[in-house]
Amino acid sequence: MSELTVEIDILRYRPELDSEPFTQTFEVPYTPELSVLEALQYIKDHLDSSISFRWSCRMAICGSCGMMVNGVPKLGCKVFLRDYYPKKVSLEPLANFPIERDLVVVMDDFIQKLESVKPYIIPGENKCLSEGPYQQTPEQMAKYKQYSMCINCGLCYAACPQYALDKKFTGPAALALLARYNRDSRDNGEAQRMKIVNQEEGVWGCTFVGYCSVVCPKDVDPAAAIQLLKVESSKDYLIGMFKPD
Amino acid sequence: MPNNTEKTYVRSHEPVFWGLFGAGGMLTAFFTPVMILITGLLIPLGIIDKQHFSYEKINAFATSWYGAAIVLVLVALPLWHTLHRIFHGLHDLGVHRGRDWQQVICYGFAFAVSVFVFTLLLQMF
């Protein structure tokens, strides 16, 4: 073990003990290959077993370990102490979410937003199994693939100033997910989903700050998905003027 | 409200203002730097002869139908762009009081000045 150490500030909150969150500082042995998540595991194993945080895959696939690292939403497994050393690292639960305990946040609203956009293929005609699978050309797949890479980590919601101001806003990940299904050639649910898009709390709650796309660990670019949906919504608005439903 | 009722969706009228905002933004981005370059640098430095921007020339331009249209578009659309930005900027800054009045004042101002410029150009003919 090296002699070098790094200080880590963690915002702690244990609802049964603390009336409000407070910062606790830990000193962790520093190695350049240590991720923030591994540093947290070191703290839990050797310094304070009571500390709570979510994690699972350790390789930016499960989307569990989202947290604010020095005020920026990041995945704990994808950010390394060497990026901050010798400065101290401060860890806080994801912004814009209620704290459940320590670095664990309540994701209920986020999950509900994801569910609200009808995130499943709504087929046009019911094909019989014997007719074989729905086929897609590489071009048709390229239209939505990027937006299907979301791991639901919630970093974009922690980054979004509009979600911070108004929790009714559907938000970046859910709208990118909506775009993913609307852009899929096998899907026929666009008319249903456009009603969600067209609302004030749909795409029109977004003012294109673009921070969601900056923090996205999977390069989903939800801001682009939302701006493209704004164009679709504007077309839908024009059509709606002549053909109200 | 019971859970089994279908959610009612309310369509936003934002596309109208977003459209004007977008068009104005394009114009502002493409033409404003050129206009500043010409009127603020190239003419004062004598690179462009200022006779091209004499009263008679500009008046003749503004009183032609295409010139009037260009002047109207170049004034009105960037104005809609600006006031849309200000309206949403107020929300971003956390000024939540009187959102409807903010809307009326912002877009009302853009509308009033657009009409004003239109009338001004019309009476020059």
> More than 12 heavy atoms of other residues, nucleotides or ligands under 6.0 Å from CD of A:E139: is that the case?
Replying inline: no
On a heavy-atom basis, the closest approach of A:T207 and B:R85 is O-NH2, 3.4 Å
**Request:** Side-chain contact test, heavy atoms from C-beta onward, threshold under 4.5 Å: evaluate it for A:E200 versus B:V10 and give yes or no.
**Result:** no
Value for CZ (B:R11) from CH2 (A:W204), rounded to nearest 0.5 Å, stands at 10.5 Å
Output for pair (A:K195 NZ, B:T8 OG1), nearest 0.5 Å, gives 11.0 Å
- Message: Counting only heavy atoms from other residues, nucleotides and ligands, does the tally under 6.0 Å from CZ of B:F118 exceed 12?
- Response: no
| said: Looking at A:Y84, I'd like to know if its OH atom is crowded, meaning that more than 12 non-hydrogen atoms belonging to other residues, nucleotides or ligands lie closer than 6.0 Å. | reply: yes
- Check the surroundings of atom CZ in B:F61: do more than 12 heavy atoms from other residues, nucleotides or ligands lie under 6.0 Å from it? yes
If one checks every heavy atom of A:V231 against chain B at 4.5 Å, the contacting part turns out to be both
*Within a radius of less than 6.0 Å around NZ of A:K145, do more than 12 heavy atoms belonging to other residues, nucleotides or ligands occur?*
no
Most heavy-atom pairs under 4.5 Å with chain B, out of A:V209, A:D236, A:L238, belong to A:D236
- Query: Does a sphere of radius 6.0 Å around CZ in B:F30 hold more than 12 heavy atoms from other residues, nucleotides or ligands, not counting ones at 6.0 Å or beyond?
  - Reply: no
Checklist entry - Are the side chains of A:V203 and B:W18 in touch, meaning some heavy atoms are under 4.5 Å apart? => result no
Check the side chains of A:Q162 and B:D92 for a donor-acceptor pair under 3.5 angstrom, ignoring hydrogens and angles. yes
>> With a sphere of 6.0 Å drawn around CE of B:M124, does it hold more than 12 non-hydrogen atoms of other residues, nucleotides or ligands?
In response: yes
Original post:
Do A:N198 and B:Y9 have side-chain heavy atoms sitting under 4.5 Å apart?
Top reply: no
The interface call for B:H96 against chain A, heavy-atom contacts under 4.5 Å, is side chain
- Query: Do A:Y237 and B:E14 come within less than 4.5 Å of each other through their side chains, counting heavy atoms only?
  - Reply: no
Under 4.5 Å to a heavy atom of chain B? For A:K235 that would be neither
In this structure, are over 12 heavy atoms from other groups packed under 6.0 Å from B:F87 atom CZ?
yes
